Number of protein chains: 2
Amino acid sequence: MSSEDIKNKLTERGLKVTPQRMAILEAIYNLKNHPTAENIIDYIKKMHPNIATGTVYKVLGALVDNRLVKKVKTENDIMRYDGVMKSHHHLYCMESDVIKDYVDEELDELLQNYFEKKNLPGFKIEDIVLQVKGTFNK
Amino acid sequence: MSSEDIKNKLTERGLKVTPQRMAILEAIYNLKNHPTAENIIDYIKKMHPNIATGTVYKVLGALVDNRLVKKVKTENDIMRYDGVMKSHHHLYCMESDVIKDYVDEELDELLQNYFEKKNLPGFKIEDIVLQVKGTFNK
DNA sequence: TATCTAAATGAGAATTATTCTCTTTTAGGA
DNA sequence: TCCTAAAAGAGAATAATTCTCATTTAGATA
């Protein structure tokens, strides 16, 4: 993801393009494994030591509100952030803090068909996310 | 769920039966919609005004460790608790803080078969929980 | 291009959920 | 009934996040 692409993402959403927002989005895209706010802060302070912690939280909030980033909650109640906006699921390792994205369009279609038939009365489904818990083989 | 049942649950897990633990488990079973620690504290303080906040957190931790209660992950950063231990999914309302349990054995079987065929290499699945996001019809 | 203003940032205090420490109490086995 | 490890109480400590308000800035407009 180039700087130009990141800039466009912000502009498309009507968000002002600031160095802080660029740095934070860049950090989320570069840091793998769904970084925490702290991971992001550590990362961007290398290049932008003057960025305020509060700004990072405020920007993260704005990015989530504008659907440029997703929040992911872990078993250990720490909030993490995910730059992959395409519908996808998560594999949670129960032995480490790894969360792996899992994209499976066949599964998505299966689920969509299932719930179309099922038609939960009184509930309109917008999105389905699987939390698949288990362990990665060593 | 009777007091006797709750008591048995604690005993089965080798946990000492204390009034605090009884009250907290009772609160989780009585409070609907996946209470937060704060909800639980407010609820039990009516009957047990002297219970310490720290004790509630400690007991919740012990209950989760002993699989008498589950933690529920939400998009927001407050932890919520669930006394239903049977495998089930959640319907998250995006317009309110309602989280409804969703039990569907047909779906569970479908998913199990799907992943048996799929056989994610390098990952051993223990549990699958669906976060179904949407809105309840008004 | 210069100006203007609402929006964004910085700095650090404030808040809030949760954990920790240490003393006292208690459940339940001997 | 006694004993002891486990649990609870009290409140301080911690850590993540939010808030406040003064200053700066992006980008729309003239």
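Only this structure's heavy atoms are used, side chains among them; waters, hydrogens and symmetry mates stay out. Since the model is a prediction, treat every value here as computed from it, not as a measurement.
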Q: Please tell me which of the listed nucleotides, D/dA16, D/dA8, C/dG28, lies nearest to the side chain of B/K58?
A: D/dA8
Q | Min side-chain heavy-atom separation B/V103-B/V84 under 4.5 Å | A | no
Q. Considering heavy-atom distances to DNA chain C, does A/G54 or B/Y57 have its closest nucleotide positioned more toward the 5' end?
A. A/G54
Q. Hey, does A/I6 have a side-chain heavy atom less than 4.5 Å from the side chain of A/V17?
A. no
Q. On DNA chain D, nearest-nucleotide positions of B/T55 versus A/K16: which is more 5'?
A. B/T55
Q. Checking B/N33 side chain against B/I99 main chain: does a donor-acceptor pair fall under 3.5 Å?
A. yes
Q: May I have the distance from A/I41 (atom CD1) to C/dA11 (atom P), rounded to whole angstrom?
A: 14 Å
Q. For A/H48 and D/dT25, what is the distance between atoms NE2 and P respectively, to the nearest whole Å?
A. 14 Å
Q) Rounding to a whole Å, what distance do you find between B/L10:CG and D/dA7:P? A) 11 Å
Q) So do B/K100 and A/F123 actually touch side chain to side chain, heavy atoms under 4.5 Å? A) no
Q.
Assuming nearest nucleotide by heavy-atom distance, tell me which of A/T53 and A/V59 is located more 5' along DNA chain C.
A. A/V59
Q. Once you round it to whole Å, what is the distance between C1' of D/dT18 and CG of A/L60?
A. 13 Å
Q | B/K124: side chain to side chain donor-acceptor pair (under 3.5 Å) partners, not counting sequence neighbours | A | B/E126
Q. Given axes from five pairs at either end, by how many degrees does the helix from C/dT1-D/dA30 to C/dA30-D/dT1 bend, rounded to 10°?
A. 40°
Q. Side chain to side chain donor-acceptor pair (under 3.5 Å) with B/D101: which residues, sequence neighbours excluded?
A. B/H34, B/H88, B/H90
Q. Looking across every strand, which nucleic acid part, if any, lies under 4.0 Å from A/A37 by heavy atom: base, sugar-phosphate, or nothing?
A. sugar-phosphate
Q) Between residues 18-28 of chain B and DNA chain D, which residues have a heavy-atom gap below 4.0 Å? A) B/T18, B/Q20, B/R21
Q: Could you list the residues that satisfy ring pair (Phe, Tyr, Trp, His ring centres under 6.0 Å) with A/Y81, not counting sequence neighbours?
A: none
Q) For the pair made of CG in A/D65 and P in D/dT18, what is the distance, rounded to whole Å? A) 11 Å
**Q.** Protein-nucleotide distance (A/R80, atom CZ; D/dT17, atom C1'), rounded to Å
**A.** 18 Å
Q | Min side-chain heavy-atom separation A/L25-A/R21 under 4.5 Å | A | no
Q) Atom CD1 of B/I51 to atom P of D/dG11: distance rounded to whole Å? A) 16 Å
(Q) Between P on C/dT9 and NZ on A/K45, what's the gap in Å once rounded to a whole number? (A) 14 Å
Q | Partner residues of A/Y43 under the ring pair (Phe, Tyr, Trp, His ring centres under 6.0 Å) criterion, sequence neighbours left out | A | none
